[in-house]
Protein chains: 2
Amino acid sequence: MENTSELLRQHDIKPSFTRVMIFDYLKENLNHPTVDEIFQALQTSLPTLSKTTVYNTLDLFIDKHLVQPLLMNQQKHYDLITDPHAHFKCERCDTIFDLDVKPPKLDKSTAANYHVYGTQLIYRGVCEKCQKHG
Amino acid sequence: MENTSELLRQHDIKPSFTRVMIFDYLKENLNHPTVDEIFQALQTSLPTLSKTTVYNTLDLFIDKHLVQPLLMNQQKHYDLITDPHAHFKCERCDTIFDLDVKPPKLDKSTAANYHVYGTQLIYRGVCEKCQKHG
DNA sequence: TATAAAACTGTAATCATTACAATTTTATAA
DNA sequence: TTATAAAATTGTAATGATTACAGTTTTATA
């Protein structure tokens, strides 16, 4: 997985081995993983990894606007910032689906007052599968 | 604050004194309070109120689609479902501002697969005040 | 008035996140 | 290379919002 280092450097992040691993995991897993999922998944390749490091690294990525946190079910989920898109969260099975809907841009007068660097559009409801079997 | 009872009844909620108080508090405080804020505010008028009751009641309101939870800063904030609108969250001072922006409706083909009963549009960034004094 | 159901309470447990001090690794310069 | 400082990582302990749950009170019903 090359050029992750370059990308991190471009965002003012020193590309340590751990950081590259965590970033690449996010790149290959766009299904909004939690800290725990990332930690579990990387443990075999990084046996000394600490959960605190995962937290720290993700916070760093958020700071540098590479990652966006999604708060759901009392837990943070992490999503690489790529194309603007929306999420649907099923309240029954707690699955998060990606939707190809673009969040609206703020109009000029509003945008003048706020410096926006991330948008989050979440639809809550019940997914098809859960509707079917009660 | 009349007709809250009626409204609750319409949503299949028995309008106990406590429930009406909590609902009215939300109606008069559209600034997305937390459980703790609601609990503190109502303690003088409801000295025996328990925080668990506030949690239970709000969960009930959410179930009946009267209230929408907003997860921010590792805490739930509660917002009466009124006109569709968006929120801006300042990452510096953690204030949540209301924005007069309507979340887009799902197009028919998408909406066919999901039963949506709530939408949440959140812009993250830095508010004007925080931009000014670093 | 008795009984069951619903609402409410209070304490204890849970669990994601944060704080923090210690250790390891990396970069820099003598 | 070696010494030193800075940065990154680790592990444990604390925090704090939320939930579980059992007991109590209130409300509705027969």
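Letters go in sequence order (proteins before strands), and every chain restarts at 1.
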Search all heavy atoms of A/A41 against all heavy atoms of A/Y25 and return the closest pair with its distance. CB-CE1, 3.4 Å
The correct set of residues in residues 66-75 of chain B placing a heavy atom under 4.0 Å from DNA chain D is B/Q74, B/Q75
Residues from residues 47-62 of chain B sitting under 4.0 Å of DNA chain C, heavy atoms only? B/T48, B/L49, B/S50, B/T52, B/T53, B/N56
Any side-chain to backbone donor/acceptor pair from B/Q40 onto B/E37? Under 3.5 Å, distance only. no
Quick one: A/F39 CZ to D/dT10 C1', roughly how many Å, whole number? 10 Å
Would you check if the side chain of B/N3 reaches a backbone N or O of B/E6 as a donor-acceptor pair within less than 3.5 Å? no
Compute the centroid of each ring, for A/F61 and then for A/Y78, and state whether the two points are separated by less than 6.0 Å. no
Separation between OG1 of B/T4 and CD1 of B/I13, rounded to the nearest 0.5 Å: 11.0 Å
In whole Å, I'd like the distance from the CD atom of A/E37 to the P atom of C/dA16. 11 Å
Looking at A/R19 and A/T57, would you say the former's side chain and the latter's main chain have a donor-acceptor pair under 3.5 Å? no
Would you check if the side chain of B/Q43 reaches a backbone N or O of B/L49 as a donor-acceptor pair within less than 3.5 Å? no
Taken to the nearest whole Å, CD/A/Q43 to P/D/dT9 is 16 Å
Here the distance between atom P of C/dT24 and atom CG of A/L46, to the nearest Å, is 18 Å
If the plane angle is over 60° it's perpendicular, under 30° parallel, otherwise tilted; pick one for A/H85 and A/H32. tilted
Please report the distance, rounded to the nearest Å, between CZ in B/F17 and P in C/dA6. 23 Å
Check ion pair B/D36-B/K51 (N to O, under 4.0 angstrom): yes
CZ of A/F23 to OG of A/S16, rounded to nearest 0.5 Å, is 13.0 Å
In whole Å, what is the span from the NZ atom of B/K76 to the P atom of D/dG16? 19 Å
For atom CE of A/M21 and atom P of D/dT9, their distance in whole Å: 12 Å
Under a 3.5 Å limit on both distances, the Watson-Crick or wobble mate of D/dA30 is C/dT1
Using a heavy-atom cut-off of under 4.0 Å over every strand shown, decide if B/T18 touches base, sugar-phosphate, or nothing. sugar-phosphate
Against B/L26, only a single residue in B/I38, B/D79, B/L66 fulfils side chain to side chain contact (heavy atoms under 4.5 Å, CB included); can you say which? B/I38
Spell out protein contact along nucleotides 22-30 of chain D as letters: B when the base is contacted, S when just the sugar-phosphate is, - when no protein heavy atom is under 4.0 Å; keep the 5' to 3' order. ---------
